[in-house]
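Residue numbering restarts at 1 for every chain, and letters A, B, ... go by the order of the sequence lines.
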There are 2 protein chains.
Amino acid sequence: MATSDTSELLNFCFRSLCEEAGIAVTHQRQVVYEELCAMHGHPSPEEVYGRVRSRIPSISLATVYKTIHLFIESGVFREVSLHHGTLRVETNSRPHHHLVCIQCKAIRDIDAEELGLAPAEGHLPDGFLVQRYAVDVLGLCAECQQPTPQ
Amino acid sequence: MATSDTSELLNFCFRSLCEEAGIAVTHQRQVVYEELCAMHGHPSPEEVYGRVRSRIPSISLATVYKTIHLFIESGVFREVSLHHGTLRVETNSRPHHHLVCIQCKAIRDIDAEELGLAPAEGHLPDGFLVQRYAVDVLGLCAECQQPTPQ
DNA sequence: CTCACTGCAAAAAGTTTGCAATTGA
DNA sequence: TCAATTGCAAACTTTTTGCAGTGAG
């Protein structure tokens, strides 16, 4: 059956995702979705825009931003880092890691010892020379676990 | 001896750090350093600016930025996240972590299994509810390990 | 005395917003 | 039909840069 090619499959996936998330299926969203699926690495909105524009020349960067945020909120994609988008200075000089609340985005320190995880090698694939580990423990802080206070 | 108070100590520390790094000791840098040492958490340049300005009203935000970057380059302070300051989409849907090169800032994925670390609890201090771990393995990628090609 | 550093103002980058026109359901 | 979505332009936030004057060594 000629209709079962990759793009039909993506199309189906995408419609299911939208239905689950309760959002409309638009041409723009579909193309952003398809291009994201086809991209590797950690693309920026501009990079996504560049690729999408080759298929929808009239699309605006603002729509790409809105769509990416929508996908992230809906759990269709994740963002690489939940940390503040701005420069932040680490004032804690002790070896520590971070507790990051996925809801309110608060970042609290936790001593490396207290977290206590067990890494392995000192050398990873491709000759990557490990210097240290920075762990984000993602989850919900005490406050955000409260049932949504209406 | 009355001169051995905290601020004298900080002063001494700072001068040593500057000597090591081969940079000039200026009043602005000293005050930024002292305020950073006195701050907790993960302050933004604006926040640092706010505090420093109360001691040097004429200081400019640009100088605060330059100073913070200088401190980070010199290893006096770290930044909280080495990830791009811009929004990035995670296109890899498999459970994975990141190899982050502290030199060129490149981010490569590594499968969670391949990295294989051993976390512990499901509940941490303060009732933080863990959802998942995101690990940055910080170090030098193969390319950046080459002796600086003059 | 000299080069590094500062402050200023302007520019650049990245992101968000308001609104009128358009479109999916 | 009509609420949701889009494109545009303008605004906003964060960060960088060029340059003339100042200051540390």
Distance check, rounded to the nearest 0.5 Å: B:L99 atom CG versus B:L140 atom CG?
12.0 Å
Only distances under 3.5 Å count here; give the side-chain donor-acceptor pairs of residues 47-59 of chain A to other protein atoms, sequence neighbours excluded, each with its distance to 0.1 Å.
from: A:E47; atom 1: OE1; to: A:S44; atom 2: N; distance (Å): 3.0
from: A:R51; atom 1: NE; to: A:E35; atom 2: OE1; distance (Å): 2.8
from: A:R51; atom 1: NH2; to: A:E35; atom 2: OE1; distance (Å): 2.9
from: A:S54; atom 1: OG; to: A:R51; atom 2: O; distance (Å): 2.7
from: A:R55; atom 1: NH1; to: A:E34; atom 2: OE1; distance (Å): 3.1
from: A:R55; atom 1: NH1; to: A:E35; atom 2: OE2; distance (Å): 3.0
from: A:R55; atom 1: NH2; to: A:E34; atom 2: OE1; distance (Å): 2.8

Could you check which residues of residues 31-43 of chain B get a heavy atom under 4.0 Å from DNA chain D? Sort them by number, please.
none
Can you name the residues that form a ring-ring contact (aromatic ring centres under 6.0 Å, His included) with A:H42, not counting sequence neighbours?
B:H98
Using modelled atom types and a 3.5 Å cut-off, is there a donor and acceptor pairing between side-chain atoms of A:R29 and backbone atoms of A:A24?
yes
Axis-to-axis angle between the two ends of the helix from C:dC1-D:dG25 to C:dA25-D:dT1 (five base pairs per end, rounded to 10 degrees)
40°
Side-chain heavy atoms under 4.5 angstrom apart, residues restricted to Ile, Leu, Val, Met, Phe, Trp, Tyr: same cluster for B:L115 and A:L115?
yes
Contact letters for nucleotides 13-24 of chain D, in which S counts primed atoms plus P, OP1 and OP2 and B counts the base, heavy atoms under 4.0 Å:
-SBBBB-----S
Sorted by chain and number, sequence neighbours left out, side chain to side chain contact (heavy atoms under 4.5 Å, CB included) with B:A106 holds for B:C104
Tell me, please, which residues at least two apart from A:A134 pass side chain to side chain contact (heavy atoms under 4.5 Å, CB included).
A:R132, B:D136, B:L138
Would you kindly give the CD1-to-P distance between A:I56 and D:dT6, to the nearest whole Å?
9 Å
Applying side chain to side chain contact (heavy atoms under 4.5 Å, CB included), can you list everything that pairs with A:C13, at least two apart in sequence or on another chain?
A:L9, A:Y33
Taking 5' to 3' order, which nucleotide of DNA chain C is first and which is last to have an atom within less than 4.0 Å of a heavy atom in chain A?
C:dG14 to C:dA25
A:V80, B:V100: one ILVMFWY side-chain cluster at the under-4.5 Å cut-off?
no
Separation between NE2 of B:H83 and CG of A:L82, rounded to the nearest 0.5 Å:
10.5 Å
Are A:T63 and D:dT6 close enough that a side-chain N or O sits under 4.0 Å from OP1 or OP2?
no
If hydrophobic residues (ILVMFWY) are linked whenever their side-chain heavy atoms come closer than 4.5 Å, directly or via other members, who joins B:F12 in its cluster?
none
N/O donor to acceptor pairs below 3.5 angstrom from side-chain atoms of residues 65-77 of chain B, sequence neighbours left out:
from: B:T67; atom 1: OG1; to: B:T63; atom 2: O; distance (Å): 2.7
from: B:H69; atom 1: ND1; to: B:Y65; atom 2: O; distance (Å): 3.3
from: B:S74; atom 1: OG; to: B:L70; atom 2: O; distance (Å): 2.7

Pairwise salt bridge (charged side-chain N to carboxylate O under 4.0 Å, His left out) hits with a residue in residues 84-112 of chain B, at least two apart:
A:D126-B:R108, B:R94-B:D111
